[in-house]
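In this text the structure is predicted, and so the values were computed from the model without any measurement. We count residues from 1, following the sequence as given.
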Amino acid sequence: MTTPAALATTHALAFTDQRPWSADEFADLMDQFGVAVIGDAHSFILTRTIAGEAEILTLATAPAHQRKGLARNHLKTLLEQRLDRVFLEVAVNNMPAIALYTAAGFQIIGRRRHYYHLTSGEMVDAQVMAWAPKP
């Protein structure tokens, strides 16, 4: 099992413009009902699934392991589960993540103004995206 400390390290490496999540925050999340990690210390998706609906809480890949298809494979693993819908928020300026989610079939369903607080003090909107299996 991947440890909260390892996830926190990867998260800090992947999100340099935001406050990284701490090992304690990961531990608290991982203790909650329906929360699961797909991947390992180099690249992972943290999800919460309840009643057939999943939320991607975060997806992170350490820079040394990016551009190898790891995040795409983790996302594929999640979407192969029997889920009715999957939701997420992504910063509007995170073009690589938006491209990943769009290629996987996610669609924009909303926007959250000033959702992300960057370490620079800037506030960035989030796109809310959703995926549902094709009938």
For the backbone of W21 and the side chain of H11, can you confirm whether one donor and one acceptor N or O come within less than 3.5 Å of each other? yes
To the nearest 0.5 Å, what is the distance between CZ (R72) and OG1 (T77)? 11.5 Å
What closest approach, in Å, do A91 and Y116 show between heavy atoms, and which atom pair accounts for it? N-CE1, 3.3 Å
Hydrophobic clusters here meaning ILVMFWY residues chained together by side-chain heavy-atom distances under 4.5 Å, can you tell me if F87 and V35 are in one? no
With rounding to the nearest 0.5 Å, note down the distance linking CD1 in I56 to NE2 in H74. 11.5 Å
So how far is it from Q127 CD to N94 CG, rounded to the nearest 0.5 Å? 10.0 Å
With a 4.5 Å heavy-atom cut-off, do I50 and E55 have their side chains touching? no
On a heavy-atom basis, which atom in Q81 and which in I38 lie closest, and how many Å separate them? NE2-CD1, 3.9 Å
Indicate, with yes or no, if I45 and L79 share a hydrophobic cluster defined by side-chain heavy-atom contacts under 4.5 Å among Ile, Leu, Val, Met, Phe, Trp and Tyr. yes
With the 4.5 Å side-chain cut-off for hydrophobic clustering, are L75 and M129 part of the same group? yes
Membership question, hydrophobic clusters at under 4.5 Å side-chain separation (ILVMFWY): are L7 and L13 in the same one? no
T10 and F44: CA distance, side-chain angles, deciding distance, side chain to side chain contact (heavy atoms under 4.5 Å, CB included) verdict: CA-CA 9 Å; T10 298; F44 66 90; 3.8 Å; yes
Hey, are the side chains of I108 and Y101 touching, using non-hydrogen atoms and a 4.5 Å cut-off? no
Please answer whether the main-chain N or O of S43 pairs with a side-chain N or O of D40 as donor and acceptor at a distance below 3.5 Å. yes
Would one find more than 12 heavy atoms of other residues, nucleotides or ligands at under 6.0 Å from atom NZ of K76? no
For residues V92 and A126, report the shortest heavy-atom separation together with the two atoms involved. CG1-C, 4.1 Å
Stepwise, does the side chain to side chain contact (heavy atoms under 4.5 Å, CB included) test hold for Y115 with V128? CA-CA 10 Å; Y115 187 77; V128 180; over 6 Å; no
Under 4.5 Å between side-chain heavy atoms, hopping through other hydrophobics if needed: is there a path connecting V86 to I98? yes
Can you measure from CD (Q66) to NZ (K68) and round to the nearest 0.5 angstrom? 10.0 Å
Using every non-hydrogen atom in the two residues, find where T2 and G39 come nearest and quote the distance to one decimal. OG1-O, 3.9 Å
Is it true that E53 and R85 make a salt bridge, defined as a side-chain N closer than 4.0 Å to a carboxylate O? no
What's the spacing between T47 OG1 and L83 CG if we round to 0.5 Å? 8.5 Å
Any heavy-atom pair between the side chains of L100 and T102 that's under 4.5 Å? no
Geometric class of the F106/W131 ring pair [parallel <30°, tilted 30-60°, perpendicular >60°]: tilted
Would you say CD of E25 has more than 12 non-hydrogen atoms from neighbouring residues, nucleotides or ligands within 6.0 angstrom? yes
For H42 and T61, test the side chains for any donor-to-acceptor distance below 3.5 angstrom and give the result as yes or no. no
Between E89 and R112, is there a side-chain heavy-atom distance shorter than 4.5 Å? yes
To the nearest 0.5 Å, atom CG of L57 lies from atom CZ of R48 at 5.0 Å
I109 and A130 have their tightest heavy-atom pair at CD1-CB, 3.8 Å
Taking every heavy atom of A23 against every heavy atom of P4, the minimum-distance pair comes out as O-CB, 3.3 Å
